[in-house]
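Structure first, commentary second.
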Amino acid sequence: MKIGNAILPSRIVAAPLAGFSDVGFRRLCAEAGAGLTYTEMISAKGLVYGSAKTEDLLHTTDAEKVRAVQIFGRDPEIMLAAAKHPALEKFDVIDVNMGCPVPKIVGNGEGSALLKEPDTAAAVVKKLTESGKPITVKFRIGFEKNSRTGVDFARKMQDAGASALTVHGRTREQYYSGSADREYIAEVVSAVEIPVIANGDVFSAEDVGEMLRVTGAAGVMIARGALGCPWIFADAEGRPRPWKTRREAAEEHISTMLAFHSETYVAANMKKHLAYYVKGLSGGKTFKQAVFESKDMDGLYKALDGCPLMDLPL
């Protein structure tokens, strides 16, 4: 799969997940075979105006062979200034978030609010092409629950210069309820000539195959299905899993985070990740309780050491 001049080693990619797509998580996804990894969404204004918290989300590792940074905003000039920021030089692809449904983002006219302003969205993409990097757009199939505008929106993004599109098969008003509309994603795929990556309700290797079959998309993006389960990318490609147990993956995740962040930050940040590592496992509730009650890294390691579930074969 190719996006502009970026050649992806796999057409299965790891989604930008707010609060989850940290440097440790992305490393695991890449090692498992994700063809492209995305940062969580980054505020263009925050980057341009020097927010240290924003730049702290941009750490990467050599495991990420092809890297995408996702930015959000609505002012074409500020978006371009962000794209040209030195902190983004290491990224191969710049993705624009036009699908986030969170009220705070939508209320500022950003994220999925741009579905209602296709001309503004197109102006953003057109200006971003001046960065010289491939520009991609992630969006939903429409804003209102019963309105499907994704086909026209996709054509407009293509005409503005987008190199690829990612389509989440829900409207903004659906948030994450109901089912992703794979048939409509297929309509978007047929409407444009650039690669389309299909997204929504992918939780297994079988889901990946079904998404590709129904939509005819060039690639598939895995989001929540990779939380606590980064080996899903290996499964989707029929590759060996890089880890034998959940503990091996979790400890690599932690060690990577500690290479870039303080122990205080990592101890707080890893709680939600570790909860996902035992999701659906009998007896996981006790482990999750110990994790969320931990106060520091010592407490986190103690919870890990006391959880035999983490040593079960994958």
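If you read the sequence from its start, that first residue is 1, and numbering goes on from there. All of these numbers come straight from a predicted model, not from anything done at the bench. We use all heavy atoms of the structure for the numbers below, so side chains are in, but hydrogens, waters and symmetry mates are not.
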### salt bridge (charged side-chain N to carboxylate O under 4.0 Å, His left out) evaluation trace for Asp119 with Lys156
CA-CA 8 Å; Asp119 289 339; Lys156 204 165 188 76; 3.0 Å; yes
### Task
Check the pair Lys2, Leu8 against side chain to side chain contact (heavy atoms under 4.5 Å, CB included), reporting the backbone distance first and the verdict last.
CA-CA 6 Å; Lys2 191 174 182 181; Leu8 280 56; over 6 Å; no
Verify the cluster assignment for [X] and [Y]: are they in a single hydrophobic cluster under the rule of side-chain heavy atoms below 4.5 Å apart?
X	Y	value
Ile194	Met1	no
Ile254	Phe292	no
Val291	Leu258	yes
Leu58	Phe20	no
Ile3	Val192	no

Side chain to side chain, [X] and [Y], heavy atoms closer than 4.5 Å:
X	Y	result
Met310	Thr245	no
Leu212	Arg11	yes
Leu115	Arg140	yes
Phe72	Ile42	no
Leu227	Phe25	yes
Lys279	Leu281	no
Tyr184	Thr171	no
Leu165	Met157	yes

Closest approach of [X] and [Y], non-hydrogen atoms and distance?
X	Y	value
Gly169	Ile141	O-CD1, 3.6 Å
Ser294	Gly299	CB-C, 3.6 Å
Glu248	Trp243	OE1-CA, 3.4 Å
Val278	Cys307	CG1-SG, 4.5 Å
Ala87	Leu47	CB-CD1, 4.4 Å
Ala223	Leu17	O-CD1, 3.6 Å

### Query
Hey, mind stepping through Arg224 and Tyr176 against side chain to side chain contact (heavy atoms under 4.5 Å, CB included) and telling me if it holds?
CA-CA 11 Å; Arg224 291 174 291 166; Tyr176 299 99; 4.1 Å; yes
Is any NZ, NE, NH1 or NH2 atom of the basic residue among [X] and [Y] found under 4.0 Å from an Asp or Glu carboxylate oxygen of the other?
X	Y	result
Asp56	Lys53	no
Arg148	Glu187	no
Arg26	Glu64	yes

Does a sphere of radius 6.0 Å around [atom1] in [X] hold more than 12 heavy atoms from other residues, nucleotides or ligands, not counting ones at 6.0 Å or beyond?
X	atom1	answer
Lys45	NZ	no
Lys285	NZ	no
Tyr49	OH	no
Glu263	CD	no

### Listed partners of Asn269 passing side-chain contact (heavy atoms from CB on, under 4.5 Å), at least two apart
Asp22, Met257, Tyr265, Lys272, His273
Anything under 3.5 Å between a donor and an acceptor, one on a side chain of residues 91-108, the other on a protein residue two or more places apart or in another chain? List them.
residue	atom	partner	partner atom	Å
Asp92	OD2	Arg67	N	2.8
Asp95	OD1	Thr136	OG1	2.6
Asp95	OD2	Gln70	NE2	2.8
Asn97	OD1	Gly99	N	3.0
Asn97	OD1	Cys100	N	2.8
Asn97	ND2	Gln70	OE1	3.0
Asn108	ND2	Lys104	O	3.2

### Task
Could you check Lys127 against Glu77 for side chain to side chain contact (heavy atoms under 4.5 Å, CB included), going step by step and ending with a plain yes or no?
CA-CA 7 Å; Lys127 177 59 68 171; Glu77 294 296 339; 3.3 Å; yes
Is [X] reaching over with its side chain to a backbone N or O of [Y], donor-acceptor style, under 3.5 angstrom?
X	Y	value
Gln174	Lys145	no
Lys116	Gly142	no
Arg241	Pro230	no
Thr120	Leu114	no
Arg182	Thr215	no
Ser131	Leu128	yes

How long is the span from the [atom1] atom in [X] to the [atom2] atom in [Y], to the nearest 0.5 Å?
X	Y	atom1	atom2	answer
Ile222	Cys229	CD1	SG	8.5 Å
Met211	Ile12	CE	CD1	10.5 Å
Asp235	Ser204	CG	OG	9.0 Å
Tyr38	Ser21	OH	OG	11.0 Å
Arg247	Leu309	CZ	CG	10.0 Å
Tyr276	Lys288	OH	NZ	9.5 Å

#### Entry: Near-ring test Tyr277/Phe287, centroid separation under 6.0 angstrom
no
### Task
Please lay out, stage by stage, how Val125 and Ile135 fare under the test side chain to side chain contact (heavy atoms under 4.5 Å, CB included).
CA-CA 7 Å; Val125 172; Ile135 305 303; 4.3 Å; yes
Identify every side-chain donor-acceptor pair in residues 195-203 under 3.5 Å, counting partners at least two apart or on other chains, and give the distances.
residue	atom	partner	partner atom	Å
Asn199	OD1	Lys138	NZ	3.3
Asn199	OD1	His168	ND1	3.0
Asn199	ND2	Met221	O	3.3
Asp201	OD1	Arg170	NH1	3.3
Asp201	OD1	Arg170	NH2	2.6
Asp201	OD2	Arg170	NH2	3.1
Asp201	OD2	Ala180	N	2.8

### Message
salt bridge (charged side-chain N to carboxylate O under 4.0 Å, His left out) for Arg74 and Glu117? Distances and angles first, verdict last.
### Response
CA-CA 10 Å; Arg74 59 177 285 114; Glu117 299 183 60; 2.9 Å; yes
### Message
Side chains of Arg27 and Thr256: any donor to acceptor distance under 3.5 Å?
### Response
yes
